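These numbers come from a predicted model, not from an experiment.
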Amino acid sequence: MAHVGDEEATLAGDDNGSHVVFRALEDVSERIDPRLSPADRPDNEILDENYTQQLNGYIHHSDHHLHRDHSSEKESSHEKSEDASSISEPIYIEFDKGDKRDPANFSPARRRAILLTACYFSVLVASSSASFALGFPSMERDLNCTEFQATLGISLYALGFGIVPLVTASFSEEFGRQPLYFFSGIGFFLFTVAAALGKNIQTVLIVRFLAGAFGSTGSTMVGGTVADIFSPRVRGVAMSFFAAAAIGGTGLGCVASGWIEQNPHLGWRWIQWIHAILGAVFVIAVPILMTETRVSVLLMREAKKRRKESGDQRIRARVEDERASLATLIYISCTRPLYLLFTEPVIASFTLWVGFAWGILSIGPVFQTLHNFNSGEDGTVFVCIAIGAALGLCSNVYQEKMYQKYAGTRGPEARLFAPMFAAVLFPVGMFIYAWSTYTKVYWIALAIGIVCIMWALFIIYLAVFTYLADCYGQWASSALAGQSLFRNMMGMAFPMFTTPMFNRLTYHWANTLFALIAVVMIPIPYVLFFKGPAIRARSKFATHSI
């Protein structure tokens with residue numbers, strides 16, 4: 001490969017003024033899935049095929065592949081080996097330092113525009129998730145359904161939110177972030193409109209699942225987007241705004257929805273209409289304010305352009321070794337999030353923690369049952385979530401100072417100072433809430449417990465994104481998709497069993513049980529803080545991330 005270094009200057013110094021360099025395999029920084037070997041690298045024949053062509057090829061030749069004999073398979077394999085051996089080693093393309101097309105070099109204004117647009121979508125889908133419950137009274141009246149059937153709308157939304165990112169998160173890493181944001185926004189808008197127009201509960205439940213499926217990028221892909229455009233040194237601040245959007249948006253949306261439901265001329269349909277209008281605004285904003293941030297996708301586009309212009313088929317982006325085969329892409333996209341969830345202890349432990357915390361993110365009917373709040377007053381209580389998120393933003397200032405101080409010696413574990421505090425704050429808030437569920441205790445005590453819980457949840461939620469983004473780099477979206485699945489499965493399951501649980505154990509003892517489980521989870525951030533580097537050293541993905 002010595003010849004690559006000689007050609008590099010010539011290729012990089014072409015007349016189009018692009019700041020790119022060409023490197024040998026051992027010199028590239030952009031990695032592919034560690035489960036793939038060099039033998040999986042596609043040949044030049046399919047490198048420039050699009051996926052439609054490959055899919056047609058699979059369909060048209062399926063019968064031939066089914067009926068060919070074993071000897072012809074051997075012959076074909078032998079010929080492919082000879083062809084592969086005759087092809088020169090590829091030359092990989094990378095952005096040079098200072099190239100403005102590299103997302104790492106985007107201007108501050110462009111970064112802010114991308115971040116705020118993504119956070120806006122996060123606020124929207126989080127608000128749609130929780131505010132749906134505030135419209136139950138009018139929904140039960142209009143659609144002649146039971147409270148349990150209406151509750152399914154929350155669970156199915158969470159189900160779509162958790163399952164779909166298993167595919168779409170990895171697809172965003174192969175096809176790009178911007179197209180997925182755009183089409184997800186369109187889908188969320190259309191199915192929210194369908195919910196507003198629903199004539200029966202069955203229709204509403206189906207479109208709620210689909211709205212959650214399309215809105216799921218608001219949870220999983222934003223973390224990957226932030227990792228694309230912000231370096232670890234400044235990533236924590238950007239992630240804190242995202243966490244505030246995802247959690248604080250839940251509270252603010254419920255405050256508005258509670259009073260919409262209280263108005264007899266509006267009700268549950270207008271809760272959906274308002275979310276649909278806000279969804280249309282996002283769809284318009286994506287092509288105006290957002291641009292592609294996935295560096296491997298940008299390099300792939302550049303490599304295709306240069307192959308076409310120069311005729312040199314050796315030029316390729318590193319990611320093309322993973323994505324040129326449609327079968328390989330499907331395999332990688334569908335398995336990477338689950339593979340990370342079940343094989344990476346760092347992801348599994350944080351997922352268990354945030355999943356439990358997310359599951360109890362339901363204030364429930366406590367204020368209506370114990371203190372006779374109406375729908376508007378009950379919705380206003382959700383401002384406690386926004387207050388908790390605001391406190392989380394304030395505490396993140398301290399966390400960022402600690403990160404800047406210890407990042408050089410602690411690495412990603414410098415993200416865990418605030419989570420260690422949250423590990424204690426979370427059960428404390430749960431105990432306050434549990435022991436305030438009596439009619440004789442003034443309602444403000446319940447609100448204080450909720451603020452403490454949401455403050456801790458904000459810190460935990462933010463740590464999931466910042467810590468996993470630091471640990472898993474370009475695979476952040478896949479890592480977050482795995483935890484999103486479990487987290488949203490908890491969000492789906494908890495509303496289904498908490499009501500019977502409260503009826504049997506009472507609010508007092510059911511929430512005390514939750515508090516005791518939170519106590520058991522206190523060691524999680526402490527173990528990762530002290531043992532995280534040793535755990536990550538055994539990971540194929542964490543050791544290859546950049």
Side-chain angles (χ1 to χ4, degrees), residues 19 95 97-127 169 172-173 176-185 188 215 217-250 252-253 278-298 386 389-401 403-404 407 415 458-459 461-470 473-474 476-477 480:
H19 301 283
F95 288 125
K97 290 183 178 180
D99 193 326
K100 296 301 182 182
R101 295 169 302 170
D102 187 348
N105 298 322
F106 282 175
S107 67
R110 175 175 284 190
R111 292 181 187 180
R112 284 194 294 270
I114 294 171
L115 175 63
L116 291 176
T117 306
C119 287
Y120 173 81
F121 193 41
S122 299
V123 170
L124 182 59
V125 297
S127 173
S172 78
E173 294 165 350
R177 315 284 194 199
Q178 189 185 30
L180 197 59
Y181 275 121
F182 183 70
F183 289 108
S184 296
F188 178 83
T217 51
S219 175
T220 56
M221 199 165 61
V222 179
T225 301
V226 172
D228 290 341
I229 60 178
F230 292 97
S231 67
R233 284 280 178 179
V234 297
R235 187 177 294 159
V237 176
M239 287 289 194
S240 68
F241 282 103
F242 164 57
I247 295 178
T250 302
L252 296 178
L278 296 175
V281 173
F282 173 76
V283 172
I284 296 171
V286 169
I288 298 174
L289 299 177
M290 302 190 82
T291 188
E292 185 53 55
T293 63
R294 179 69 174 164
V295 66
S296 59
V297 172
L298 295 171
L391 290 173
L393 276 174
C394 294
S395 61
N396 188 60
V397 174
Y398 172 77
Q399 167 58 51
E400 283 302 302
K401 290 181 179 179
Y403 178 78
Q404 298 295 334
R415 300 282 188 195
F458 177 94
I459 295 172
Y461 186 75
L462 175 59
V464 168
F465 285 86
T466 55
Y467 184 57
L468 295 186
D470 282 5
Q474 68 268 41
S477 286
L480 295 172

Visitor: Over all heavy atoms of both residues, which pair between Met290 and Gln178 is shortest? Give the atoms and the distance, please.
Guide: O-NE2, 2.8 Å
Visitor: Side chains of Thr466 and Tyr403 only: does a donor on one sit below 3.5 Å from an acceptor on the other?
Guide: no
Visitor: Check whether any side-chain heavy atom of Leu116 sits under 4.5 Å from a side-chain heavy atom of Phe241, and report yes or no.
Guide: no
Visitor: Compare every heavy atom of Arg177 with every heavy atom of Asp228, then report the nearest pair and how far apart it is.
Guide: OD2-NE, 2.7 Å
Visitor: Which heavy atom of Gly279 sits nearest a heavy atom of Leu124, and at what distance?
Guide: CA-CD2, 3.4 Å
Visitor: Got Asn105 and Asp102 here, is their nearest side-chain heavy-atom distance under 4.5 Å?
Guide: yes
Visitor: Looking only at heavy atoms, which two atoms of Ser240 and Phe458 are closest? And how far apart?
Guide: O-CZ, 3.6 Å
Visitor: What pair of heavy atoms forms the shortest contact from Phe188 to Gly215, and how long is it?
Guide: CD1-CA, 4.1 Å
Visitor: Is it true that a side-chain atom of Arg111 and a backbone atom of Ala104 form a donor plus acceptor pair closer than 3.5 Å?
Guide: yes
Visitor: Would you say Thr225 and Ile114 make side-chain contact, with heavy atoms under 4.5 Å?
Guide: yes
Visitor: Any chance you could measure Asn396, atom CG, to Leu462, atom CG, to the nearest 0.5 Å?
Guide: 5.0 Å
Visitor: Can you see which heavy atom on Phe242 is nearest to which on Cys119, and at what distance?
Guide: CA-SG, 3.6 Å
Visitor: Rounded to the nearest 0.5 Å, how far apart are OH of Tyr461 and CE of Met239?
Guide: 10.0 Å
Visitor: Can any side-chain N or O of Ser184 pair as donor or acceptor with the backbone N or O of Tyr181 at less than 3.5 Å?
Guide: no
Visitor: Would you indicate whether the side-chain heavy atoms of Gln399 and Gln404 approach each other to under 4.5 Å?
Guide: no
Visitor: If I take atom OG1 from residue Thr293 and atom CZ from residue Arg110, how far apart are they, to the nearest 0.5 angstrom?
Guide: 11.0 Å
Visitor: If the threshold is 4.0 Å, N to carboxylate O, is there a salt bridge linking Arg101 and Glu292?
Guide: no
Visitor: Are Phe121 and Thr117 side-chain neighbours, meaning at least one heavy-atom pair lies under 4.5 Å?
Guide: no
Visitor: For Leu115, is there any backbone N or O sitting under 3.5 Å from a side-chain donor or acceptor partner on Tyr120?
Guide: no
